[in-house]
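What follows is one structure encoded as structure tokens, with my remarks underneath.
For clarity, every value in this text was computed on a predicted model and none was experimentally measured. For reference, positions follow the sequence shown, starting with 1.
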Amino acid sequence: MDSSFLNADIHIILNDICCGAGHVDDLFPFFLRHAKQIFPMLDCMDDLRKISDLRLPPNWYPEARAIQRRIVFHAGPTNSGKTHHAIQRYLAAKSGIYCGPLKLLAHEIFQKSNDASVPCDLVTGEERVLVDQEGRQAAHVACTVEMCSVTTPYEVAVIDEIQMIKDPARGWAWTRALLGLSAEEVHICGEAAAIDLVTELMYSTGEEVEVRNYKRLTPITVLDYALESLDNLRPGDCIVCFNKNDIYSLSRQIEARGLECAVIYGSLPPGTKLTQAKKFNDPDDPCKILVATDAIGMGLNLSIKRIIFNSLIKPSINEKGEKEMDAITTSQALQISGRAGRFSSVFKEGEVTTMHRDDLVLLKEILNRSVPPIETAGLHPTAEQIEMFAYHLPDATLSNLIDIFVSLSQVDGLYFVCNVDDFKFLADMIQHIPLNLRVRYVFCTAPINKKQPFVCTSLLKFARQFSRNEPLTFDWLCRHTNWPLVPPKNIKDLVHLEAVHDVFDLYLWLSYRFMDMFPDASLVRDIQKELDNIIQIGVRNITTLIRASQATSVSGAIAVPDDFPLQRTEVNDRMLNLEDLPAANQGQFSSATKVPGQKRIRGSKALGYRPAEVKSNMKSQRQGSLAAKLVREGLLTQEMLKQLEREWQVHHNNNGNFPTGKRDDQNGSKGTGNKK
């Protein structure tokens with residue numbers, strides 16, 4: 001009442017309340033006025049709810065709803081021929097579209113189709129290839145799933161790897177293709193776990209699903225013994241790791257044994273991956289060992305005899321966008337294991353095992369599980385929906401518009417809204433740059449890894465240059481990336497070259513959306529091919545790069561981006577409780593004779609994992625030794641730790657001294673410089 005800043009009308013209301021002539025409820029209109037200033041959407045909540053109503057996605061695609069489509073689901077494990085049968089129908093059709101999860105897969109179908117004298121175009125986010133010399137579109141097109149047209153009519157459509165419809169980030173693209181492709185026949189390929197969901201989604205469109213089940217063409221065996229030592233490697237072996245540091249460490253140790261190895265991981269350019277795959281597959285090449293991440297799970301044809309899991313713990317992003325360290329899923333284990341003994345390779349029978357004996361029991365448990373059915377399909381707000389939101393909320397930032405949309409969105413039980421954290425990260429990053437909403441939205445959907453600082457900085461510079469209406473020329477890009485570049489001298493250089501390749505990809509991606517502002521796509525594609533060759537030189541000499549990196553590093557750790565987190569001694573404080581599982585669930589796996597080997601406490605146990613057991617001493621382990629702390633923080637891997645231990649022992653043995661402070665196992669007394 002003593003405030004001089006109070007509006008007269010509120011002052012009168014408060015005075016009436018104090019005098020007993022009014023009620024506190026009389027303040028509500030003033031509160032509501034204030035709330036609408038803070039939350040403008042309150043004025044148009046009904047309109048916003050209608051815009052963000054995602055309960056009937058089939059209605060978004062009138063062209064597909066105008067025809068009665070025939071839906072065929074080709075279900076089966078890897079190497080069962082399911083995709084082959086769908087592609088044969090695609091090639092026989094008058095017109096067709098192939099939708100795959102990777103550029104490599106789209107390129108493979110593009111090549112296969114044209115080799116079969118079926119003219120086919122290629123469409124990916126970064127590339128358009130028209131086979132007709134006059135620029136007319138071919139009747140067939142192979143594309144990445146995000147790039148498929150839902151307005152062009154086709155006779156046959158093929159949607160590959162349909163199980164990715166559940167992917168927290170990209171699932172919306174498979175949902176869009178499944179509901180929206182305007183094709184007389186839609187052939188879906190993938191895991192049987194997606195059959196029920198696809199059937200339900202098609203029930204909502206009034207379309208029936210014909211299911212064709214396939215079995216694996218070649219047998220695959222889970223061995224009863226682990227590799228345990230790199231000395232036991234043999235031609236056709238592939239060691240699968242889930243972080244780059246393990247790849248670097250293992251490739252160096254393999255070559256130290258006089259063996260050549262190929263290296264494949266996710267951030268390598270497609271051309272480098274194909275070159276490494278060709279090197280490994282070539283029967284006349286001395287390279288007979290492959291070290292790779294789960295990037296080999298799809299998109300590459302490899303002649304692998306035996307898959308060896310270096311670890312079963314993999315970093316992942318959950319539906320909330322949080323990073324987790326957890327055991328691989330049954331679906332992931334089957335996808336990777338299925339790369340061994342493929343029908344088209346020289347090895348007609350495949351084998352699967354682990355590097356460490358302690359992991360073998362867990363691997364068998366994982367593989368013997370049935371794959372849980374997929375229950376929901378991803379959705380993502382469209383540019384049109386966000387524009388309608390912006391009309392009602394003109395002062396809201398794009399990041400806030402997305403937040404409000406997701407919070408108000410309504411989905412039924414068959415769908416979920418995909419994770420938008422990456423979108424919001426880019427929206428916040430370029431918020432201060434003056435761009436219209438549609439342009440801003442496109443920039444935020446750019447497929448970049450937000451954990452690569454150089455790529456994010458490049459996107460920021462691209463947006464700033466765009467906002468000034470200054471075209472991003474070839475010369476400008478060369479100055480920004482310091483082109484021309486030289487072969488890498490160490491791992492840090494190699495990682496930077498991979499980031500520059502991603503920047504060129506980003507330029508090409510934007511050039512197809514803003515041709516006038518990114519005018520030099522052909523020149524950029526030329527230097528990107530040159531860069532691919534430079535990266536290939538680095539990968540061929542990867543052990544030399546590793547030695548150079550370790551020589552300049554005090555700790556011996558290799559500096560790499562954190563998108564490949566190192567193994568930890570605990571799994572996000574949340575241990576799995578794996579129960580005994582029936583062995584009959586996966587008939588494609590059989591057992592082999594056990595070969596005895598030296599026991600080591602490594603693998604999952606080194607990561608703090610115990611099958612079917614929840615550990616109670618997690619806290620004490622987290623507060624344990626310096627070595628464990630360094631492993632947790634990503635400065636050491638288990639392999640590096642073992643190597644340091646061996647070198648330390650050799651050093652002290654050569655000096656004739658046994659290190660002091662070592663506890664005697666017999667009596668608990670401390671050593672005092674006794675000779676070993």
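In this structure, a donor-acceptor pair under 3.5 Å is absent between the side chains of Gln335 and Thr78. Of the N and O atoms on the side chains of Thr473 and Asp520, not one donor lies less than 3.5 Å from an acceptor on the other residue. For the residue pair Thr144 and Glu146, no side-chain donor N or O sits within less than 3.5 Å of a side-chain acceptor on the partner. Counting only N and O atoms by type, the side chains of Gln528 and Asp505 include a donor and acceptor under 3.5 Å apart. A donor-acceptor pair shorter than 3.5 Å can be found between the side chains of Ser267 and Glu498. One side chain, Thr275 or Gln536, offers a donor N or O that lies under 3.5 Å from an acceptor on the other. With no hydrogens or angles considered, a side-chain donor-acceptor pair links Ser458 and His480 at under 3.5 Å. Thr199 and Asp196 share no donor-acceptor pair across their side chains, judged by distance under 3.5 Å alone.
Applying the ring pair (Phe, Tyr, Trp, His ring centres under 6.0 Å) test between Phe462 and each of Trp509, Phe504, Trp476, Phe443 identifies Trp476 as the sole match.
Note on Lys103 versus Glu108: no salt bridge recorded, every NZ/NE/NH1/NH2 to OD/OE distance being 4.0 Å or above. A salt bridge links Asp422 with Lys450: the distance from a Lys NZ or Arg NE/NH1/NH2 to an Asp or Glu carboxylate oxygen falls below 4.0 Å. At a threshold of 4.0 Å, the pair Asp326-Lys314 does not count as salt-bridged, since none of the basic side-chain nitrogens sits closer than that to a carboxylate oxygen. Ionic pairing of Glu207 and Arg69 is present here: one or more N-O contacts between side-chain nitrogen and carboxylate oxygen are shorter than 4.0 angstrom.
When the side-chain hydrogen bond (donor to acceptor under 3.5 Å, both in side chains) test is applied to Arg70, the partners found at least two apart in sequence or on another chain are Glu210.
In this structure, Tyr90 has its ring center at least 6.0 angstrom away from the ring center of His187.
Within 6.0 Å of CG in Asp115 there are more than 12 heavy atoms belonging to other residues, nucleotides or ligands. Heavy atoms from other residues, nucleotides or ligands lying under 6.0 Å from CD of Glu208 number 12 at most.
Here the side chain of Thr205 pairs a donor or acceptor atom with the backbone of Met202 at under 3.5 angstrom.
Judged by a 6.0 Å distance limit and a 45° cone about the ring axis, Arg212 is not positioned over the six-membered ring of Phe73.
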Q: Please assess Glu530 against Arg525 for the test salt bridge (charged side-chain N to carboxylate O under 4.0 Å, His left out), listing each intermediate value before the final yes or no.
A: CA-CA 9 Å; Glu530 290 183 43; Arg525 185 166 288 107; over 6 Å; no

